[in-house]
Trainee: 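My questions all concern the structure below.
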Protein chains: 2
Amino acid sequence: MTVESGRRERKKAATRQKIADTALRLFLERGYDTVGIRDVAAEADVAVTTLFSHFASKEALVFEQDTAFEQRLTEAVTGRAPHEPLLPALRHEIHALVRHCTADGNAPIWDMVVGSPALREYEESMRLRHAETLAAAIAADPDLGRTTTACRTIARFVVDAYALSRETPDPQAAVDEIFEMIEAAWSATSP
Amino acid sequence: MTVESGRRERKKAATRQKIADTALRLFLERGYDTVGIRDVAAEADVAVTTLFSHFASKEALVFEQDTAFEQRLTEAVTGRAPHEPLLPALRHEIHALVRHCTADGNAPIWDMVVGSPALREYEESMRLRHAETLAAAIAADPDLGRTTTACRTIARFVVDAYALSRETPDPQAAVDEIFEMIEAAWSATSP
DNA sequence: TCCAAAAAGCTAACCGTTAGTGTTACGTTC
DNA sequence: GAACGTAACACTAACGGTTAGCTTTTTGGA
């Protein structure tokens, strides 16, 4: 059975991190399209197959926080106080996520994503996955009592809010504007 | 200048159609992933480069109606009677599109799309393009007087309705349920 | 110390896609 | 109607992401 006593896991995590760091550095230095998988592997001093055993695709190298992002969304739903309403909690979380993405330090990464069709497409389908897990979290809350369709719809609207607001000149204001619409949509489904 | 008096255009269109037909037939017969681009080109008796001069990618072979779909959405907005409200027109159009996609004859194609991650991803980003053109059409209507963000948001919600409802057991009912939510969201933005 | 399994490596290929370079068929113009 | 420009198509060869198959190294536990 074994508890995987540490070293192995740590080494694996270190390899993964080294690959991700190297990739991001090279992408930012020379451009996403210019840098090949073989370049990243060579610079990180691993085999190409090793790289692909840690990351499912070239695009996945850029979106390392994927699962962290997903968790934050679901925890905003599952981790709220009893009887705390759903949408303000989600609005607060989306505000935080948008702030994080538009922070000065992350601007170059975001520019890179916008500049590459492959990365944009990848992020789009990432968001749909997130919407589905968010929908599951909402549907699991017994206090809400909405239909499956309503839950999935609201979840999509919420990730739409994230995507759309980031593209506006004033992202924080856009989050609020869109959430006014989402609140109305949610109210229209109250049982 | 030139009116491209016919034969050349007809031959080009015929080639394009032959490629599309061959591709769809092979995909349905043997499976999308199993059939390679070289197979399609050989069976349609054209060079691989010719195939790619007619279609931008392998996935595009499946979504031939792409632009037709886009036009129907925008025409639902621009072609409505004066003072006819926006959302009922859109709801009607989405109903028609969903009915078309879930028709018996098209079921195998839809199954193929659902079964292939590449095709799903392609369709997702197609929908985002459609949402953007729909948003532009909505924003261009002087009677509505909404913000850019509100227009883009509603456009996304509408294409979401299309995508979500197709996955439910009763698509037509789902369209109505989701549009109740969208109507509420839209009303919340009235100036 | 030795074993089983995980992790990493290497080679070679597959497949979608594109660049480079002709060649043919068509429409226009003189 | 002959010559010219160009759009459509073909052919070869490659590039880049990705995977399969197999070997080697590392690691944890017996």
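These values consider heavy atoms only, across backbone and side chains, with no hydrogens, waters or symmetry-generated copies.
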Trainee: Evaluate A:Asp141 against A:Arg146 for salt bridge (charged side-chain N to carboxylate O under 4.0 Å, His left out), listing each step before the verdict.
Mentor: CA-CA 9 Å; A:Asp141 188 324; A:Arg146 302 305 213 281; over 6 Å; no
Trainee: For A:Arg10 and D:dT26, what is the distance between atoms CZ and C1' respectively, to the nearest whole Å?
Mentor: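 Whole-Å distance recorded here is 14 Å.
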Trainee: For A:Glu59 and D:dT18, what is the distance between atoms CD and C1' respectively, to the nearest whole Å?
Mentor: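 Interatomic distance, CD of A:Glu59 to C1' of D:dT18: 11 Å.
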Trainee: Over how many whole Å does the gap from B:Ile19 atom CD1 to C:dT17 atom P extend?
Mentor: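 About 14 Å, once rounded to whole Å.
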Trainee: So does A:Val77 get a backbone contact from the side chain of A:Arg80, meaning a donor-acceptor N/O pair under 3.5 Å?
Mentor: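 Yes, because the side chain of A:Arg80 sits within donor-acceptor range (under 3.5 Å) of the backbone of A:Val77.
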Trainee: Polar atom pairs between nucleotides 11-16 of chain D and protein, under 3.5 Å, N or O only, would you list them?
Mentor:
{"from": "D:dC11", "atom 1": "N4", "to": "B:Thr49", "atom 2": "OG1", "distance (Å)": "2.9"}

Trainee: Starting from P on C:dA13, measure out to CZ on A:Phe52 and report it in whole angstrom.
Mentor: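 Nearest whole value for this atom pair: 19 Å.
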Trainee: Before accepting this row, confirm whether a basic side-chain N of the pair B:Asp160/B:Arg127 lies closer than 4.0 Å to the acidic partner's carboxylate O.
Mentor: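 B:Arg127 and B:Asp160: not salt-bridged.
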Trainee: Measure the distance from CZ on B:Phe55 to P on C:dG16 and round it to the nearest whole Å.
Mentor: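 From B:Phe55 CZ to C:dG16 P: 15 Å.
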Trainee: Say you draw a straight line from CD1 of B:Ile138 to CG of B:Leu90; how long is it, rounded to the nearest 0.5 Å?
Mentor: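 Taking CD1 in B:Ile138 and CG in B:Leu90, the distance rounds to 5.5 Å.
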Trainee: In whole Å, what is the span from the CG atom of B:Leu51 to the P atom of D:dA8?
Mentor: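 In whole Å, D:dA8 P and B:Leu51 CG are 15 Å from each other.
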Trainee: Indicate yes or no for a side-chain donor-acceptor contact from A:Arg16 to the backbone of A:His54 under 3.5 Å, with no hydrogens or angles considered.
Mentor: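 Yes.
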Trainee: Can you check whether B:His54 has a side-chain N or O nearer than 4.0 Å to OP1 or OP2 of D:dA8?
Mentor: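 Checking B:His54 against D:dA8: no side-chain N or O falls below 4.0 Å of OP1 or OP2.
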Trainee: Using heavy-atom distances to pick each residue's nearest nucleotide on DNA chain D, tell me which of B:Ser53 and A:Ala56 is more 5'.
Mentor: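 With A:Ala56 and B:Ser53 compared, the 5'-side residue is B:Ser53.
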Trainee: When all nucleic acid strands are considered with a 4.0 Å heavy-atom cut-off, which category describes B:Asp45: base, sugar-phosphate, or nothing?
Mentor: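 It contacts sugar-phosphate atoms only.
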Trainee: Between B:Lys18 and B:Asp45 (side chain of the first, backbone of the second, donor and acceptor by atom type, cut-off under 3.5 Å), is there such a pair?
Mentor: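 Judged by distance alone, no pair lies under 3.5 Å.
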Trainee: Within this structure, what is the CZ-to-P distance between B:Arg8 and D:dG5, rounded to whole angstrom?
Mentor: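 That distance rounds to 14 Å.
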Trainee: Within less than 4.0 Å of OP1 or OP2 of C:dC26, is there a side-chain N or O belonging to B:Lys11?
Mentor: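 It does, given that an N or O in the side chain of B:Lys11 lies less than 4.0 Å from OP1 or OP2 of C:dC26.
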Trainee: Specify the separation, in whole Å, of atom CG of A:Leu61 and atom P of D:dG17.
Mentor: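 Nearest whole value for this atom pair: 10 Å.
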Trainee: Is a side-chain donor or acceptor of B:Ser116 paired with a backbone partner of B:Met112 at a separation under 3.5 angstrom?
Mentor: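 No.
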Trainee: Please determine whether a side-chain nitrogen or oxygen atom of A:Thr15 lies at a distance below 4.0 Å from atom OP1 or OP2 of C:dA8.
Mentor: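 Affirmative; the distance criterion is met.
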